[in-house]
Amino acid sequence: MNRRYDSYNKKKWQNTSGLPTIIITLLVSAGCWLFAYNNRIGLPVRLDGCTTLLWDIGIRWISGDLTPYLTGFILILLSAALIQRFNFLFMIIPGKTKLPFLIFLLLNSVITGLYPIHPVTFALPLMIIAMFELFGSYQQLTAIGRIFNMVFYICLGSLVWPYALWFIPVFIVGMYLFRILNARTLGAALLSLLTFFMFVLGWCLFRHDFALLTNLADCLMDFHFLFTNISWITDWSTLVLFFLLMLFLSVHISMEDAERTIRTRQFLTFLFLFGFVAFILSLLYAPHYIEFLAVFFLPVSIVASKYFSEKYGSTAFLSYYFLMALMVVSLLLRPWSF
């Protein structure tokens, strides 16, 4: 009896979804943000070579030292909470687990280039809400309103981070995967895109200033391929490592559970496709690879959470803490060049 009780306690302690993991991950994430703030990493917030009018205006409101960090941290917490809610609603990871929230927060706390705030930080919550609309319309051929909202949320994110528009085709492929792509739903997506640009055009005509439209076009056409600059390749290696991690976890999950439902398989397929597109876009817009890394963390946090939540024992437990320690050490040792 005592052996069985001891075995149960050991198994409970080694569960990566347990209370010790929650507390430690939260403390490590908060500590990383405090460490970055104390060392003024990423300050002052700079205007990138390709920015939108709204970001130029917003950067004036979040000037200083504390405000950018508070704004960035709150937006990351909001995105993490939305991912947690996303998993709860669509049951990608069965059972009660806080890992999607924790892993997303941790990943966004250990990468120096993401401090303190970027245009993509504002776009992330809107892209997650767009996922809500897509996944909520699963096999609903009449979900025209959801599809319209899905595209419109992505378009709103593009007002701050223009590259969000490149993910609209990914969501349309997702409509095909979820068996909701037909003439009406595709028409709703195109109508939403047209409505957005009509609003933008109307605003430009009202202000007699077409900078908002020209900025969008200039950013999308401003390609800088990775292999033209060796320094970009060095930085981009971080994204490669995370991509290989997601690839390994995705293959492992698909091989381990042959009885997984079709619905869950389709959800995971979309998430992998979403991450793959973010990876490819980082090759085309190399100076902005760090922003695509932030987008890449959306599927990575869910795929990694699924792996660790379904694995018990010392191997998965130690792997989680080893990866956490490795990322924290890389944060502490990396030169402050941002």
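Side chains are part of it too, since the values below use all heavy atoms of this structure and drop only hydrogens, waters and symmetry mates.
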Closest non-hydrogen atom pair, [X] against [Y]:
| X | Y | answer |
| --- | --- | --- |
| I154 | A130 | CG1-CB, 3.7 Å |
| Y115 | I41 | CB-O, 3.8 Å |
| I117 | G72 | CD1-N, 4.0 Å |
| R40 | D65 | NH2-OD1, 3.2 Å |
| F274 | P299 | CD2-CD, 3.8 Å |

Which of parallel (below 30°), tilted (30 to 60°) and perpendicular (above 60°) describes [X] and [Y]?
| X | Y | value |
| --- | --- | --- |
| Y285 | Y163 | tilted |
| F270 | F178 | tilted |
| W55 | F122 | perpendicular |
| F206 | W203 | tilted |

For the residue pair Q266 / Y138, report whether a side-chain donor-acceptor contact shorter than 3.5 Å exists.
yes
Could you check F272 against L268 for side-chain contact (heavy atoms from CB on, under 4.5 Å), going step by step and ending with a plain yes or no?
CA-CA 6 Å; F272 182 80; L268 290 173; over 6 Å; no
Quick one: side chain to side chain contact (heavy atoms under 4.5 Å, CB included) partners of I172, sequence neighbours excluded?
I168, M175, L181, L186
For L70, the side chain to side chain contact (heavy atoms under 4.5 Å, CB included) test, sequence neighbours excluded, returns L66
Worked verdict on F279 versus F292 for ring-ring contact (aromatic ring centres under 6.0 Å, His included):
CA-CA 7 Å; F279 178 78; F292 291 102; over 10 Å; no
Can you check whether F148's main-chain N or O pairs, donor with acceptor, with S192's side chain at less than 3.5 Å?
yes
